[in-house]
Amino acid sequence: MRVETSTNRLWRQLIWPVLWPMLLAQIGLLALCALTWLSLWYTDNDLQDSWDTLTWLLAALVLGSSLCIGTFLLLLRHRLQAWESAFGMPYERLERVIRDVHKELPPWLKIKRLLPVGRPGDGQVARLDALLDSLEVLLERLANRPQLIEMLERLPQPAFLSRHEVLVEANTAFEKIMGRSLSELRGLEVSYLIRHDDSLDDSPDTVRVHDGEGQWQSYRLIGVADENGHRLGLLDDVYDQRQRLAQVKLSRDQAREESRLKSSYLGVLHKELHTLMDDLARQEGVVLTGTGEQLSERLAGLLILVTRLVESPESPRLASQEGAASVPVPLLSRARVLIVDDGPVNSMLACQVLEAQGAQVDTAQDGPQALRLAQRNEYDLVFMDIFMPGPDGMETSRRWRQGEVERGQDRPSTLIALTANADDDDRQQYLDAGMDDFLAKPYRPQVLVDMAARWMTTRKARGGHQ
């Protein structure tokens, strides 16, 4: 059987339908010229040697040939135009197919410019070449699509893919459970291989599988389907799932028990610290100095921390308690506060409470650090611990007031003493040192906020709030 080449097809469909009419016209012209010459030859012997007769014949031949060539070119042009029009429909089909395939790509693989922009001078060959380039790029993108079959094979759980409930693909784990190869499983009904377990009404997704050893195994079937009848199924071992769930419940119960024990321990610790602080407060006539006062300060800080943990483990509770007035948050949100305390627990708690109300809070561990901060910033409120190493709170307060005078500060800060000793004699000493008020330790968070709000209101009334 002879295979028709593209050259033969072009000759048969394009050239020959135009060429044979031109050849017939040319043969007819030659025959006409021959008849004319013969008629002149026999009718007039005087013209046999005449150049005029030959000239007329040549002129007629040239004119006829020109007409034949012109006819050929016109017919060829018409034929080419018809071919170009016929090619337009396949090009449109090719563009439509490219668009349809492009829609199937995931968003991250789509091409920004799918079809090339045609130029006025481009012909059919250039258009076809541009479409083929776009098709090649699209095929490269198609090769980078998610490979469902390869991902299915890498799953550790038994998984399969079906079409119209007929198994078409499965991974090695599924073959191992069934005891059959994929070639044996392919084409079987899924309902023949996997059956729903009607004994478990509360678990409609539980199925039974007859494995390769002839035993029935229970699994949980997880499946998703599309609109084309494809379904992806995953078998999860029910017993393993129950073991994992039991382990999660056991861990949850252990965490709850540990939390309950910790709460009990905190309650016992809180009670013991309260008892210890009450015993220290009942020691009449005993003045704590040196190590004793430092121990009292530390115990007060620990009692505040434990109280916070017992009353509100998640966050500081600043709501009004026992008739206390609510805190004007906008007022404290404009306050500049300094906490001077060598106890990290006390500083942390006071800082958290005031910052929760919107105040801008700085901390200092001793008197010298507080005095250095005073040279750079102007504070509305200063909570000053009385017992600190080096210069204590009262000496630091005296230097603070002296520094305000030297700097010409017309809006002095409000100094509030933080101390476990809060009798009348101690209060007078604090006032003599330049302090404005005192706060007894241990204090509740709401008491700290109430005092800060009260003094900020006073400063605003006096025109000293910035």
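A quick note: this is a predicted structure, and the numbers were derived from the prediction, not measured.
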> How would you list, by chain and number, every residue that makes a salt bridge (charged side-chain N to carboxylate O under 4.0 Å, His left out) with D392, sequence neighbours excluded?
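Residues passing salt bridge (charged side-chain N to carboxylate O under 4.0 Å, His left out) with D392: none at all.
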> Mind listing the closest non-hydrogen atom pair of R141 and I111 along with its distance?
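So the two residues come closest at NH1-CG1, 3.9 Å.
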> Between I177 and Y219, what is the shortest heavy-atom contact and its length?
CD1-OH, 3.4 Å
> Going by atom types only, do T172 and E153 share a side-chain donor-acceptor pair under 3.5 Å?
yes
> Between atom CG of L338 and atom CE of M384, what is the distance when rounded to the nearest 0.5 Å?
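Answer for the CG-CE pair, L338 versus M384, is 7.0 Å.
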> Which pairs pass salt bridge (Lys or Arg N to Asp or Glu O under 4.0 Å) with one or both residues in residues 142-151, sequence neighbours excluded?
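Sorted pair list comes back empty.
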> With rounding to the nearest 0.5 angstrom, report the CD to CG distance, E104 to L138.
10.5 Å
> Considering residues at least two apart in sequence or located in another chain, which fulfil the side chain to side chain contact (heavy atoms under 4.5 Å, CB included) criterion with D133?
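In terms of side chain to side chain contact (heavy atoms under 4.5 Å, CB included), with neighbours along the sequence ignored, D133 is linked to D129, E136.
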> Among I386, T414, I416, which residue meets the side chain to side chain contact (heavy atoms under 4.5 Å, CB included) test with M435?
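Passing option: I386.
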> With sequence neighbours excluded, tell me which residues meet side chain to side chain contact (heavy atoms under 4.5 Å, CB included) with V447.
L439, R444
> Out of V382, T363, D366, D385, which one pairs with V340 under the side chain to side chain contact (heavy atoms under 4.5 Å, CB included) rule?
V382
> Can you list every salt bridge (Lys or Arg N to Asp or Glu O under 4.0 Å) pair that touches residues 168-194, not counting sequence neighbours?
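Those involving residues 168-194 are E169-R186.
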> Among residues two or more places apart or on two chains, list those pairs meeting ring-ring contact (aromatic ring centres under 6.0 Å, His included) that have a residue in residues 161-181.
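Listed by first then second residue: F160-F174.
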> Work out which heavy atom in P106 is nearest to a heavy atom in P146; give both atom names and the distance.
CG-CD, 4.2 Å
> Would you give the length of the straight line joining atom CD of E165 to atom NE2 of H230, rounded to the nearest 0.5 angstrom?
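Taking CD in E165 and NE2 in H230, the distance rounds to 12.0 Å.
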> If you look at every heavy atom in V337 and L354, which pair is closest and at what distance?
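Answer, listing the atom of V337 first, then L354: CG1-CD1, 3.7 Å.
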> Please report the closest heavy-atom contact between Y379 and R336, naming both atoms and the distance.
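For Y379 and R336, the tightest heavy-atom pair comes out as CD2-CG, 3.5 Å.
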> Is it true that D436 and W455 share a donor-acceptor pair across their side chains at a distance under 3.5 Å?
no
